[in-house]
Amino acid sequence: MISRPQRFWNAYARYIQKPVLAHARPQWLARKATSLNAMSTYRQPRGLTLARQTLTCDGRAVDSTACTVQGQQSNGTLLYIHGGAFVIGNLRGYKHLIARMGRQAGLRGVYIDYRLAPEHPYPAALDDAETAYRALLDDPDAGPIAIAGDSAGGNIALALVLRLKRKGLKLPFALALMSPLTDLRLRNPSLTANLESDHLVPMSWGMRGVSDYLAGQDPATPEISPILGDFTGCPPVFMNVDKTEVLYDDSRLMAERLQDDGVDVTLKVEFNLPHVWHLNCGRSPEANASVRDITTFLKGHMP
């Protein structure tokens, strides 16, 4: 049974957010719309503090913001890679979620402002994520590092692990992914089967975002479609997805792939919740419970 607050947010996603995403063109207009939505919708935790920092490695730099709650203990770092079909997303929309996840997991939550398509197609976002992660690896105060990401950010998080593994770099101790986009070939059955049941994501907008990100690159490249990669020896992964989402099969099949590669993977499937419902934490019991699931997983795998 869905709670009354969540029923409201389901309707808000379906009748306000989804039409806006479907019709907002060009992408800069969608970015402005999502910023306005974030300012009016999400509940900020008390004592939220933001500390901006430029993370640098090998001559590259990416802007970041530590999102913490006053007085919290931090025994490591949670690197958060936001979603938005590779074309939208900003600190306004994620600082509340990152701070809550970090506080509950005992980690310092770090948001990264990676470059967006279409101005910066693949591999710009992945390069920025690598720069941020390697800068944190070099920081003695960062402690153990976990990575979290939602939607397109989940894609980048998985691709980053593949790249780190290929380069022989130290891997994060865990990954937490919310409705990740794992196959940019766009052939999974739920993309069409769940067109009507998905509360939030219009496929017309999602396909534009993927096209902007690819910019002609082969979607069968593992760093673009991580489901085609080899994750043998990679850290534990938690994935959360709703069965009514267009991206349901991206999580389901990715979990099967990880299991085949011997990865410790947990897939938790919900029903009748919008894409990345976790963003409604503080306003929805379902979102609060799912954030707790993630942070319990992270604490359970802390070195």
Applying ring-ring contact (aromatic ring centres under 6.0 Å, His included), which residue pairs with at least one partner in residues 231-258 are found, sequence neighbours left out?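 Found F238-F297.
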What ring-ring contact (aromatic ring centres under 6.0 Å, His included) pairs are there with at least one residue in residues 24-73, not counting sequence neighbours?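 Of all non-adjacent pairs touching residues 24-73, those that pass ring-ring contact (aromatic ring centres under 6.0 Å, His included) are Y42-H96.
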[X]: side-chain hydrogen bond (donor to acceptor under 3.5 Å, both in side chains) partners, not counting sequence neighbours:
{"X": "Q6", "answer": "N10, S284"}
{"X": "T192", "answer": "none"}
{"X": "D63", "answer": "T54"}
{"X": "T68", "answer": "T49"}

Is there any salt bridge (Lys or Arg N to Asp or Glu O under 4.0 Å) pair reaching into [range], and which pairs are they, with sequence neighbours excluded?
{"range": "residues 7-27", "value": "none"}
{"range": "residues 189-217", "value": "none"}
{"range": "residues 34-51", "value": "none"}

For a quick check under 3.5 Å, do S190 and N194 share a side-chain donor-acceptor pair by atom type?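 There is no such pair (donor and acceptor under 3.5 Å, judged by atom type) between the side chains of S190 and N194.
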State which residues pass side chain to side chain contact (heavy atoms under 4.5 Å, CB included) with D128; sequence neighbours excluded, sorted by chain then number.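 D128: side chain to side chain contact (heavy atoms under 4.5 Å, CB included) contacts with V62, Y114, R115.
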Salt bridge D58-R60, side-chain N to carboxylate O under 4.0 Å: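 Not counted as a salt bridge, because no side-chain N and carboxylate O are separated by less than 4.0 Å.
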With sequence neighbours excluded, what pairs up with R52 under the salt bridge (charged side-chain N to carboxylate O under 4.0 Å, His left out) test?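 For R52, no residue satisfies salt bridge (charged side-chain N to carboxylate O under 4.0 Å, His left out) once neighbours in sequence are set aside.
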Side-chain donor-acceptor pairs of residues 143-165 under 3.5 Å, sequence neighbours excluded:
from	atom 1	to	atom 2	distance (Å)
D150	OD1	Y80	OH	2.8
D150	OD1	G83	N	3.1
D150	OD1	Y94	OH	3.4
D150	OD2	G83	N	3.3
D150	OD2	Y94	OH	2.9
S151	OG	H275	NE2	2.9
N155	ND2	L181	O	3.0
N155	ND2	I224	O	2.9
R163	NE	E223	OE2	3.3
R163	NH1	D127	OD1	2.7
R163	NH1	E130	OE1	2.8
R163	NH2	D127	OD1	3.4
R163	NH2	E223	OE1	3.1
K165	NZ	D230	O	2.9
K165	NZ	T232	O	3.0

